[in-house]
Amino acid sequence: MTGEHQTLALLLFSGFVAVTLGITTWVSRRRHGSAEEFYAGGRLFSPMENGFAIAGDYMSAASFLGVTGLIALYGYDGLLYVVGFLVAWLVVLFLVAELVRNCGRFTLADVVAARMSERPVRIAVGTSSVTVSVLYLVAQMVGAGSLVALLLGRTSGEAQAWTVIGVGALMVIYVSLGGMRATTWIQIVKAVLLLSGTVVLTVLVLLRFHGDFDRLLLTAAERSGHGRAFLAPGLKYGGNWTARVDFISLGLALVLGTAGLPHILSRFYTVPTARAARRSAVWSIGLIGGFYLMTIVLGLGAAAVVGTDAVRASNAAGNTAVPLLALDLGGGAGSTGGTVLFAVVAAIAFATILAVVAGITLASSASVAHDLYASLRRPHGKARSEVTVARFAALGIGVVAIAIGLVARDLNVAYLVGLAFAVAASANLPVLLYSLFWRGFTTRGAAWAVYGGLIPALGLVVLSPVVSGSPGSLFPGADFQYFPLQNPGIVSIPLGFLAGWLGTVTSDEVPDEAKYAETEVRSLTGAGAV
């Protein structure tokens, strides 16, 4: 990229940052400082607005950059992410959206604590929510580093490091000043931009192959270097039984993890009723479904137009496949059209990252303030002081995410998100489903369900090839790999459910039938919902 081309892309970056900071400033002047305003945007958003915001929250750098990169590198096996991310929304729609909106107030812990002893439950669920959020944030930071390093023509660690720090600083500003209302409008703007850019690129790919999808598939297979194996299962996950089990583990994590993601669940509190929450989920499924269908075309297009070798040479994990595809579709590196399209796509990807990190940071800071701080320090504190703690928590979480993002900058972003989904499915989903549907569930069962999924998931990740023992690990020079799978979901998810059951049946606590009946009626009818 020449200096002139870099300037154009940076101007588009700066434009989006200026618009989003303007939204944040405008909202910060209008807010009332209440907990409901900061955490839930006053519950004033319509189902369509919230549906776009949910889609904006969900369609992250993992989807736009990571999934397309994996499809470009591994063909059929990369499609698992598309299927998993989309099918997960059926679990959210049928089991979670309406019930969570009726039972909770601001966070996942509100749902569980409704019929349990609040303190141990809030500490457990709050800890888990923050852990999942930080893992998800790291993926976005890695995506930002890869993107801007490519844009500036530098693959040095210094360029990526400063990008990660810059994104972290912006997300803290968005959350601290604007809260949920600013974050929601940023998500809506980002969703419109991302969907528009994806439609344009998809149309250009199909035009390149004259609408012949078969020709696109065959060309992608040919230029991948793997031939017809590119279009068949097994290129990444079919080499041996370990790889096949890893495939199943990843699928379980993706399908079940969405229903346990704190930043997705918190979005259902921004609408006034449970019916609106359900309609929000329907809107988001339509938008997200269309987006993921287009990512298949983009991934195959990157393999066919750019070539798998060129994608891997630019970024070993494939995170830069879409920007490179845009550059080629616009006319190549030396053309004005290629440069403009590259810059627009890079700016959209950057907007995607900024918007998603704002949503995740808000959800995790809410867990710190509303669950951990309120339980440990000031159980009866004023809402305004809780909001102040949430703003400081956003700063602390930003620092942690930046630090981990600097270490993990060479991993694929979709891969990192898969780990976050595994932890969410292992720790958050069991306690949520047990709380909603098991009459005899107890406080000990709730705490054990969270820790029984969280600790094994994190422990197995540390002992897996992700961290050590292979050239693509976080620490390739070390080797303490004792768990063969890259995703721990197939082991840690059942352990979370088992621990919740075991904690309940060994507990002396007598379940409160009245509280369960109240929770059941509220979850199914909305009577008494906040």
Side-chain angles (χ1 to χ4, degrees), residues 13 17 20-21 24 28 38-39 57 60-62 107 123 125-149 156-180 182-183 186 261-263 266 350 352-377 385-411 413 416-417 419-420 423-424 454 458 461-462 466-467 474-475:
F13 277 8
V17 171
T20 52
L21 287 176
T24 304
S28 68
F38 185 82
Y39 295 141
D57 233 342
S60 66
T107 65
I123 291 172
V125 178
T127 301
S128 171
S129 296
V130 172
T131 304
V132 172
S133 297
V134 169
L135 284 172
Y136 211 108
L137 278 173
V138 168
Q140 311 309 313
M141 301 292 195
V142 170
S146 300
L147 184 69
V148 176
S156 68
E158 184 180 352
Q160 294 187 36
W162 281 110
T163 302
V164 168
I165 293 169
V167 170
L170 283 170
M171 78 183 187
V172 171
I173 293 170
Y174 291 148
V175 173
S176 300
L177 293 181
M180 178 59 85
T183 300
I186 291 169
L261 292 176
H263 67 291
S266 66
F350 195 65
T352 296
I353 291 164
L354 287 179
V356 172
V357 296
I360 301 168
T361 306
L362 178 63
S364 52
S365 63
S367 292
V368 170
H370 187 63
D371 300 326
L372 299 178
Y373 174 77
S375 298
L376 294 171
R377 298 293 300 276
S385 66
E386 193 178 289
V387 169
T388 302
V389 172
R391 292 195 175 102
F392 281 109
L395 175 61
I397 290 163
V399 170
V400 172
I402 288 169
I404 301 176
L406 293 176
V407 176
R409 60 175 175 253
D410 292 326
L411 295 182
V413 287
L416 287 169
V417 165
L419 297 181
V423 177
L454 178 65
L458 293 177
V461 168
V462 170
V466 177
V467 177
L474 280 178
F475 305 106

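What you see below is based on every heavy atom in this structure, not just the backbone, and it leaves out hydrogens, waters and symmetry mates.
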Looking only at heavy atoms, the pair that brings Ile397 and Ser365 closest together is CD1-N, 3.7 Å
Go through the structure and list residues passing side chain to side chain contact (heavy atoms under 4.5 Å, CB included) with Val400, not counting sequence neighbours.
Val134, Ile404
dist Ile360:CD1 -> Ser266:OG (nearest 0.5 Å) comes out at 10.0 Å
Going by heavy atoms in the side chains, are Val368 and Ser364 under 4.5 Å from each other?
no
Considering residues at least two apart in sequence or located in another chain, which fulfil the side chain to side chain donor-acceptor pair (under 3.5 Å) criterion with Ser133?
none
Taken in chain and number order and not counting sequence neighbours, the residues that satisfy side chain to side chain contact (heavy atoms under 4.5 Å, CB included) with Thr127 are Ile123, Thr131, Leu372, Leu454
Applying side chain to side chain contact (heavy atoms under 4.5 Å, CB included) to Leu135 and not counting sequence neighbours gives Ala420, Val423, Leu458
